[in-house]
There are 4 protein chains.
Amino acid sequence: MSAALELISEQGFHKAPMSRIADKAGVGAGTIYLYFESKDMLIKTLYRELENEIMTAIQKGYPESESFRERFIHIWTSLLRYFIANPLHFRYLEQYHNSPYGVSMRRDRILSKTGDSSIFIDLFEEGVSSHTVKDLPIIMLFALAFGPMVFLARDHTLALIKLQDAHIVQAATAYWEAIENK
Amino acid sequence: MSAALELISEQGFHKAPMSRIADKAGVGAGTIYLYFESKDMLIKTLYRELENEIMTAIQKGYPESESFRERFIHIWTSLLRYFIANPLHFRYLEQYHNSPYGVSMRRDRILSKTGDSSIFIDLFEEGVSSHTVKDLPIIMLFALAFGPMVFLARDHTLALIKLQDAHIVQAATAYWEAIENK
Amino acid sequence: MSAALELISEQGFHKAPMSRIADKAGVGAGTIYLYFESKDMLIKTLYRELENEIMTAIQKGYPESESFRERFIHIWTSLLRYFIANPLHFRYLEQYHNSPYGVSMRRDRILSKTGDSSIFIDLFEEGVSSHTVKDLPIIMLFALAFGPMVFLARDHTLALIKLQDAHIVQAATAYWEAIENK
Amino acid sequence: MSAALELISEQGFHKAPMSRIADKAGVGAGTIYLYFESKDMLIKTLYRELENEIMTAIQKGYPESESFRERFIHIWTSLLRYFIANPLHFRYLEQYHNSPYGVSMRRDRILSKTGDSSIFIDLFEEGVSSHTVKDLPIIMLFALAFGPMVFLARDHTLALIKLQDAHIVQAATAYWEAIENK
DNA sequence: TATGAATGAGACTTCATTCAT
DNA sequence: AATGAATGAAGTCTCATTCAT
């Protein structure tokens, strides 16, 4: 899986044939099929693995009893810091989302409110009902919150900008002002 | 080109082999090569075509002499409206940006400040130097501005939300508050 | 035909598609088919044309009434000089001989003793029956005579050697000694 | 490789598509690419293989300590006998030399005096410096020596003549007289 | 008579997957 | 359980030839 992660992140799906993944992992090509039914399954399993790791990272130090604002900023900055610290993970997720798997998965999840993203949904619902954030559809809040973050992470990953910690806090604050209900 | 647009937008690059594009266009497979040197060239040419169309759409009704805020909101909403009106175009651009072409092009452009995105860059530079928007690196402002918009457009395209005009204005305003220098 | 000659000589058959030939000739692709039934026919016709030209060149100044040796050396040097003066023609003939056409044509001709090479055959038969040259099968004499010449012409054409007139005469003489009946 | 040898020898490069070679070899089309990077590499590797085999054949029974004449005739007749015994090899080499690969290789080798043909070059240089053969450029001697042999081999291969051993010796002797310094 | 856009068979090559070892 | 050689469908692209204009 880590061989697949490296190859796909760095070169994209179509430059990561199973044979190369096997080579990089130091195993035979057939061996992969003992653990994964198909390339698709490998890709999906790897995706879930990363997702879990990310959720764990976010929950670490989560200020359960602080204000909504604090909790929101914690999540937002944790996520961005995670992506900056793990650029391969970020690039993999991007590749995944921009593929047939990703699109259908995204739709399924959001419509059924399942999956790990439900944490975010819950948070936003609390924010709306407590009039702490603007009264907008959850999905819009979601887009407004994570759109900038993904873009920042991408620019950083591509080395177009070198995000300092100060930038991250600035961005989180700026973004908070966008959704805050004043 | 419109056959390519449809297939690639709806199914992704790797489900759009030249033979299917040709079929959909109602021509022989070889015919495409009379007009495009290679599949790559077809993809790039189509990209530029769409980009031009978008720039035209944005410039229509541009309030040249209005305040910075008005101009900014004009561009932001025009772009989002364009994507909502042309979901295939939007999805095509997304596919393109998430591919080897897109990544290298993006880097080249931003670093060399050429290409159509220079319009945005100019606008932001004006905003920063006139202290109308926060003093952040241009790329961050860019990410903060277009990140949410792309996410909104994506959600709309995937029918996860049906953006009304009211939503668009709300989002533009919310976003303005995020970058505004108060 | 001269467009075909140039392209095929310089780049080989497989880099001389009909479309390029037409372009170089300044006509439409279809126009060629008004004058030649197919690419094969074009190639064959061009071959015959060159062959005729060569036979004409050889016969010019042919010392009809001189000794066998004089006549032989005349033919041999004329031919080599022709190839040196017309490298494109030489390269075309080489390409042709090394192709399905060439091989079958060669066999047909020699077996049926038709075609222009019958001139050479007649000459050699005279030489053998008059005991001027060694008593070897005609085909062997042919090979012994034209093998070196073709090699010399090839080396000259490829710029591996720059044949001076002195060389040509030396070679002709040397070769004469090989077949001469002493 | 032997499937490629047969097809290319008998039908030429362009009637030997990879699919036919694979069929003839009784393997799948992709299998060839496990052993050869490309069709070009297959062709080149096969060429080198044959060349090695030929050099081995020539060196067998080489009369190291005999006179120049003996050594020269040994090489010449060995080569011709090899070609007669292995007509497919001969035809393959011919095809190869008459192709983009062959032409550039030939030029490289002769100019840099590398490759197996250097054996011949050394021999001729000895002959010239010891005044045993005529004082002509090496390339000319080369052409004078191997031109007839190639032609004879070709005629035999095409079944235009059935070379007996006596013929071979006659031809070698005749040729020796052409280059001998008298 | 001339054109040249259109065709589609066929070329080379890649790669997810299988299976005998 | 592990291997990796073999497979062959599918992909991109070329080009001799046709035919409506």
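The shown structure was predicted, so the numbers you read here are calculated from the model rather than taken from an experiment.
- Rounded to whole Å, the distance from CG on D:Leu34 to P on F:dG4 is 13 Å.
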Could you walk me through whether C:Leu5 and C:Leu50 pass side chain to side chain contact (heavy atoms under 4.5 Å, CB included), step by step? CA-CA 10 Å; C:Leu5 173 62; C:Leu50 296 181; 4.0 Å; yes
Pair assignment for DNA chain E - dot-bracket with | for other-strand partners, Watson-Crick or G-U under 3.5 Å: .||||||||||||||||||||
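- Residue B:Thr31 places at least one side-chain N or O closer than 4.0 Å to OP1 or OP2 of E:dT7.
- The neighbour count for D:Glu10 CD, taken as heavy atoms of other residues, nucleotides or ligands under 6.0 Å away, is above 12.
- Within 6.0 Å of atom NZ in B:Lys24, more than 12 heavy atoms from other residues, nucleotides or ligands are found, so the atom counts as buried in its surroundings.
- A parallel orientation is assigned to the rings of A:Tyr47 and A:Tyr96, their planes being inclined by less than 30° (bins at 30° and 60°).
- Residue A:Tyr35 places at least one side-chain N or O under 4.0 Å from the OP1 or OP2 atom of F:dA2.
- Non-hydrogen atoms lying under 4.0 Å from DNA chain E are contributed by A:His14, A:Pro17, A:Met18, all within residues 2-29 of chain A.
- Each of E:dA6, E:dT13, E:dA2 was ranked by its minimum atom distance to the side chain of D:Ser38; first place goes to E:dT13.
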For A:Arg91 and A:Arg154, run side chain to side chain contact (heavy atoms under 4.5 Å, CB included): C-alpha distance rounded to whole Å, both residues' side-chain angles, the deciding distance at 0.1 Å, then the answer. CA-CA 8 Å; A:Arg91 289 187 60 70; A:Arg154 189 188 291 163; 5.7 Å; no
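- The side chain of C:Tyr33 lies closest to F:dT18, out of F:dT18, E:dC12, E:dT17.
- Comparing F:dT12, E:dT17, F:dT17 by their nearest atom to the side chain of A:Lys39 picks out E:dT17.
- In B:Glu37, the CD atom is not crowded: 12 or fewer heavy atoms of neighbouring residues, nucleotides or ligands sit closer than 6.0 Å.
- Mapping D:Gly30 and B:Gly30 onto DNA chain F by nearest heavy atom places D:Gly30 closer to the 5' end of the strand.
- The distance from atom CD1 of C:Ile32 to atom C1' of F:dC19 is 16 Å, rounded to the nearest whole Å.
- Taking atom CZ of residue D:Phe36 and atom P of nucleotide F:dA6, one finds them 12 Å apart after rounding to whole Å.
- When side chains are defined from C-beta on, A:Met1 counts as touching A:Phe36, because their heavy atoms get closer than 4.5 Å.
- Atom CE of B:Met41 is separated from atom P of F:dC13 by 12 Å (rounded to the nearest Å).
- A side-chain donor-acceptor contact under 3.5 Å links C:Tyr92 to the backbone of C:Ile43.
- At a threshold of 4.5 Å between non-hydrogen side-chain atoms, the residues A:Leu7 and A:Lys15 do not count as touching.
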